[in-house]
Amino acid sequence: MARVEVVMPQMGESIAEGTIIKWHKKVGDVVKKDETLLEISTDKVDSEIPSPASGRLAEIVVQEQQTVPVRTVIAYLETDEAVAVEHPSAPVQAAPSPAVTPTPPSGKPQATVSEGRFYSPLVLSIAREEGISMQELETIPGSGEGGRVTKKDMLAYVAAKKSGMVAAPTVAPPPRGVPPTVAPAAPKVTPSPSILQAGKVVEVPELRAKYPAPQHEIIQMSNVLQKMAEHMVKSVHTSPHVAAVHEVDMTRVVHHRAQHAAAFEAKEGFKLTYTPYIVQAVVKAIKKYPLINTSIEGDKIIKKNYMNLGLAVASENGLIVPVIKNAEEKNFLGLARAVNDLATRTRTKKLTPDDIIGGTFTISNYGVFGTLIGTPIINQPQVAILGTGAIKKRVVVVDDMIAIRSMAFFTLSFDHRIVDGALAGMFLEEVVKELEQFDTAMTF
C-alpha cells in the first residue's frame with residue numbers, strides 16, 4: 001500500500017498560495033487518477049484540481065476555506081499502484097482538451113515517458129495549433145522543473161520541426177476493429193445566474209443584527225469576485241472614462257455564419273459564434289490605429305507591438321478575462337479555435353494564471369445576454385475596451401430604401417488621458433467597416 005502526497009499546486013510563477021474552496025471527495029472515498037479531487041482559488045483564478053493517482057482518499061490535511069502556501073501537503077491518497085507523483089512545483093495537469101487528439105500508441109514508442117507527466121493548457125494549446133499528437137508531445141524533452149515541457153520547449157521544437165531538423169514520430173495504425181480516437185466535443189456549460197454562485201452563505205454577527213434572517217442572507221464574496229471588484233474600482237479611479245457608441249450592420253456576418261455553421265461544427269467539433277468575426281475586425285482596426293493598443297506609465301506611453309486580446313467570459317464565480325496571445329498572428333480559424341478553447345476552459349475551471357495576464361485590449365460581449373448597449377469599465381492597464389451588444393433585426397434605411405437588417409450597437413470605453421474622441425471614433429468606424437464589408441466568400 002503506497003501513500004501518495006497531494007500538494008497545493010503552483011498555478012503560475014507569481015502564485016505563492018492557494019485557498020481550498022471545496023473537496024469533491026471525503027475521507028474513505030475512492031478516486032481515479034485525473035478525476036476532480038478538489039477546487040482551489042488563487043488571486044488569479046479558480047481551478048478544479050485532478051487527483052495525481054488512483055486510490056482512496058486517506059486523509060485531508062487542509063480543510064475547506066483554508067489558505068496555504070504552494071507545495072504544502074494538503075491530503076494523502078492510499079494506492080496499491082506504483083505511481084509517479086507530480087512534482088510539487090509543476091502545474092496542474094490539464095483536463096483532456098478538445099483541441100488535442102490522443103494518438104493510439106505505436107508498437108515502437110519513440111520515447112519512454114514516466115507515468116504522471118503533466119502538460120499545461122498553454123502547451124496543449126500550442127500542440128493543437130501545430131498538429132502535434134499526444135504521442136509526439138511525449139517525445140519532446142522538457143527543460144522545466146521535474147522535466148516539465150514549457151512554452152519555450154514547444155516553440156523551439158516547432159521551429160526545429162519546420163526547419164526539418166526533427167521529424168514527427170511514425171504512428172502505427174490502430175488494430176483492426178479498433179476505431180480511431182476522436183477528440184471529445186467541448187462541453188456545453190451554462191453558468192448559473194444565481195447570486196449564491198458568488199460565494200457561500202455565512203453568518204456574521206455584526207451584520208446579522210443589521211440584516212435579520214430570514215429576510216436577508218449574508219454571502220461571502222469569492223476570491224475571484226473580490227479581486228474583480230477591486231480591479232474595477234481601481235480602474236475607475238485611474239482612468240477618466242469616456243464612451244462612444246456606433247451602430248453596425250452585422251447582416252453579412254449573420255448570413256455567412258448561418259451558411260457555414262453546420263459544416264464548421266462538423267469539422268471543428270464546436271459551434272461557430274460571432275466572436276471570432278469581431279475579434280478579427282478588432283485586430284485589423286488596431287493595426288490601423290495602434291495607439292488603442294497601449295498603456296500609460298506616468299507621463300510615458302507604452303506602445304505594444306503585439307495584440308493580446310482579452311475576452312470577458314461569464315463564469316459561475318464571476319467575470320473572467322482570458323487572453324488570446326498574439327492574436328495578430330492568427331487567421332480566422334485560429335481565432336475561432338482560441339476563442340472556443342478559452343471560453344471552454346473558463347467555464348470548466350481549467351484556466352491557468354498565464355491565461356489571464358498580459359492583455360493589451362479587451363472585448364466584452366454582453367450582447368449574449370440580450371443587452372443592447374453597455375458602457376464597460378476599462379481593464380487596467382489597458383486604455384480601451386470594446387463592448388458588443390445583442391444583434392437584433394431592425395428596420396433601417398439603406399440607400400434611401402426601407403430594409404430589415406441585423407443590427408448591433410458597439411461601445412468603446414476609452415481612457416481620455418491618451419485616447420480622444422477622434423481616435424475613438426475612427427477606431428470604432430474601422431471595426432464597423434470590417435464587419436459590414438466582411439468577405440462572405442471566405443471558407444474554412
Side-chain angles (χ1 to χ4, degrees), residues 9-14 34 50 84 86-87 89-174 180-184 268-269 305-309 322-331 333-342 344-345 350-358:
Q10 185 165 15
M11 298 294 291
E13 293 182 1
S14 62
D34 296 333
E86 176 187 6
H87 193 283
S89 64
V92 178
Q93 183 183 19
S97 168
V100 181
T101 304
T103 305
S106 166
K108 298 180 179 179
Q110 297 295 313
T112 301
V113 181
S114 62
E115 183 182 358
R117 193 180 195 194
F118 291 81
Y119 303 102
S120 72
L122 177 59
V123 166
L124 293 175
S125 177
I126 295 173
R128 179 205 66 223
E129 293 178 6
E130 299 296 337
I132 297 173
S133 68
M134 284 301 296
Q135 183 189 10
E136 185 176 357
L137 186 61
E138 291 174 350
T139 69
I140 300 175
S143 62
E145 196 167 1
R148 176 171 56 89
V149 177
T150 66
K151 174 184 176 182
K152 184 177 179 181
D153 298 331
M154 290 296 294
L155 296 180
Y157 178 84
V158 169
K161 184 177 178 181
K162 289 181 177 178
S163 67
M165 295 177 63
V166 296
T170 302
V171 180
T181 305
V182 179
E268 295 294 325
N305 295 324
Y306 56 92
M307 299 179 206
N308 288 351
L309 300 188
V323 177
I324 301 176
K325 301 293 176 65
N326 300 113
E328 76 282 3
E329 297 178 357
K330 302 181 188 300
N331 59 16
L333 187 56
L335 292 173
R337 289 170 175 168
V339 167
N340 176 73
D341 174 60
L342 290 177
T344 300
R345 290 195 290 115
K350 296 299 187 294
L351 289 177
T352 70
D354 289 340
D355 292 322
I356 60 174
I357 61 174

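Using a cut-off of 4.0 Å between Lys/Arg side-chain N and Asp/Glu carboxylate O, Arg337 and Asp341 are scored as not salt-bridged.
The distance from atom CG of Leu137 to atom CD of Glu130, rounded to the nearest 0.5 Å, is 12.0 Å. Between the CZ atom of Arg345 and the CD1 atom of Ile356 there is a distance of 11.0 Å, given to the nearest 0.5 Å. Interatomic distance, OH of Tyr306 versus NZ of Lys325, reported as 9.5 Å (0.5 Å rounding). Interatomic distance, Leu351 CG to Leu342 CG, rounded to the nearest 0.5 Å: 7.0 Å.
Residue Ala338 comes nearest to Ile324 through the heavy atom pair CB-CG2, 4.0 Å, listed as atom of the first residue, atom of the second, then distance. Here the closest heavy-atom approach between residue Glu136 and residue Thr139 is recorded as O-OG1, 2.6 Å. The two residues Val158 and Ile126 make their nearest non-hydrogen contact at CG2-CG2, 4.5 Å. When all heavy atoms of Asn305 and Glu328 are compared, the closest pair comes out as O-OE2, 4.5 Å. Here the closest non-hydrogen pair linking Leu335 and Ala327 is CD2-O, 3.9 Å.
For the pair Asn340/Glu268, no side-chain contact is recorded, criterion being any heavy-atom separation below 4.5 Å from C-beta on.
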